[in-house]
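All residue numbers in this chain count up from 1 along the given sequence.
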Amino acid sequence: AEATTATALSAAGKSGGMYFERGVGPKPTATQLDEAPKVAVLVDSSSPVESDQSFALRRIFGPDVGFVSTAAGSGSLQNAADDPLASYDVIYNTGQLYPIGRNATARARLQAFFQRGGGYIGTGQSVNNFGFLSKAQPSLVQGSLVQGTDEASGGIARWSNVDPDGPITGGYPATDTLLVLSDVTWFSTLPTGAEVDGRYLPSTTDMFVAGLWRDRDPKASDAPVIVHGTTLVGSRYLGLAINPFSRGDSERGWPLIAQAAMWSNLTDE
């Protein structure tokens, strides 16, 4: 509550890429992040193989990364005797849709994961990663996270840090760059209550500094590209409109995924 201490704490956090917020009202039930988040790479395969996504995640979190299949295989969410998500804190989706109705066990285990505070990270690697939130049963968000896209052949884009003191983009500069590997993508629709962390620059001329993007769609101007929010069951999610892990190239965005994993993890006790 003391202004000098609050200012010093905020400055120390920003210098280290951390975010502090002061609680309001009665102290809620506490959780403690006392270890690196364990990240489940969500797939649908009985024999998952290393991908760009799992490769990059292992570079960030080391051995605290593992594959979890939705319905395929004896060890999947649908078929395993014990819940494969029991030891994980955050899901990184690699393009899986929410399991269909006949996979009731998988659906129930996912629901339990989010109800106990499991985090979720969906990126532009697949539009399924965004539809997963609204197509969950019951839905995890009110409304939809929808990706807009314009044909391009990759390049370097610039974005504005809308929330430099926030939990996701805290520590990033006011304007930064990101690698666009193919089409230019953004969020055209956000769920109710979603908070924007980063937007493309207001001009399509200024926001794309290198690459091949012709007949630029003006809808990309000032469009959200990084968002976060709280689900209807109290867990947390990140939406990133680009793919940060294709070929393991976009290391500039890796700290953002690390921060999202730590912020969204509410499972530690």
Side-chain angles (χ1 to χ4, degrees), residues 9-23 31 33 36-40 53 56-57 59-61 64-65 89-93 114 117-125 129-130 132-133 140-141 143-147 157-180 185-201 207 222-232 234-245 250-268:
L9 185 62
S10 177
K14 289 175 70 174
S15 68
M18 298 178 64
Y19 171 73
F20 299 95
E21 61 182 1
R22 185 170 185 267
T31 60
L33 182 63
K38 292 182 172 60
V39 180
Q53 288 71 38
L57 287 166
R59 296 304 178 276
I60 299 172
F61 296 104
D64 294 312
V65 175
D89 305 301
V90 179
I91 286 175
Y92 187 97
N93 199 350
F114 292 117
Y120 180 83
I121 297 175
T123 72
Q125 181 244 348
N129 297 334
F130 308 130
F132 185 97
L133 293 168
L140 290 167
V141 293
S144 301
L145 186 61
V146 179
Q147 184 188 73
R158 300 171 68 205
W159 59 278
S160 296
N161 189 351
V162 179
D163 195 3
D165 294 323
I168 306 300
T169 54
Y172 276 87
T175 302
D176 204 19
T177 58
L178 55 80
L179 176 63
V180 179
T185 50
W186 62 90
F187 291 119
S188 58
T189 304
L190 300 179
T192 301
E195 298 185 38
V196 177
D197 301 281
R199 295 180 180 273
Y200 286 129
L201 296 194
M207 66 169 268
D222 202 39
V225 67
I226 308 166
V227 303
H228 73 274
T230 302
T231 72
L232 295 175
S235 58
R236 294 171 171 179
Y237 68 87
L238 167 80
L240 177 60
I242 65 153
N243 179 4
F245 290 153
S250 186
E251 294 186 29
R252 181 66 185 150
W254 291 12
L256 187 148
I257 298 298
Q259 289 185 199
M262 290 186 286
W263 170 77
S264 66
N265 172 19
L266 299 176
T267 62
D268 285 356

When rounded to the nearest 0.5 angstrom, what distance separates CG in L238 from CH2 in W263? 8.0 Å
All heavy atoms of Y120 vs all of N93, minimum pair found to be OH-ND2, 3.0 Å
Can you tell me how far the CG atom of L232 sits from the CG atom of L133, to the nearest 0.5 Å? 10.0 Å
How would you list, by chain and number, every residue that makes a side-chain hydrogen bond (donor to acceptor under 3.5 Å, both in side chains) with Y92, sequence neighbours excluded? T123
Please find the pair of heavy atoms, one from S235 and one from L266, that lie closest to each other, and give the distance. CA-CD1, 4.5 Å
Which value, rounded to the nearest 0.5 Å, describes the distance between L256 atom CG and H228 atom NE2? 11.0 Å
Mind listing the closest non-hydrogen atom pair of A157 and V180 along with its distance? CB-CG2, 3.8 Å
Main-chain N/O of D222 paired to R199 side chain as donor or acceptor, under 3.5 Å: yes
Closest non-hydrogen atom pair, I168 against Q259: O-NE2, 2.6 Å
Assess whether side chain to side chain contact (heavy atoms under 4.5 Å, CB included) is satisfied between V196 and V227, documenting all intermediate values. CA-CA 4 Å; V196 177; V227 303; 4.1 Å; yes
Under the 3.5 angstrom rule, does the side chain of Q147 hit a backbone N or O of A241 as a donor-acceptor pair? yes
Given W159, which partner from the list I226, L201, I242, T175 fulfils the side-chain contact (heavy atoms from CB on, under 4.5 Å) test? I226
Find the distance between CG (D89) and CG (D64) and round it off to the nearest 0.5 Å. 8.5 Å
Please name all residues satisfying ring pair (Phe, Tyr, Trp, His ring centres under 6.0 Å) with F130, sequence neighbours left out, ordered by chain then number. F187
Would you please name every residue forming a side-chain hydrogen bond (donor to acceptor under 3.5 Å, both in side chains) with T185, sequence neighbours left out? none
Where is the tightest heavy-atom contact between S264 and V90, given as atom of each residue plus distance? OG-CG2, 3.7 Å
How far does CG of N265 sit from NZ of K38, to the nearest 0.5 angstrom? 9.5 Å
Once you round to the nearest 0.5 Å, how far does CD1 of I121 lie from CD1 of I257? 5.0 Å
For P164 and N161, work out which heavy atoms get closest and say how close. N-OD1, 3.4 Å
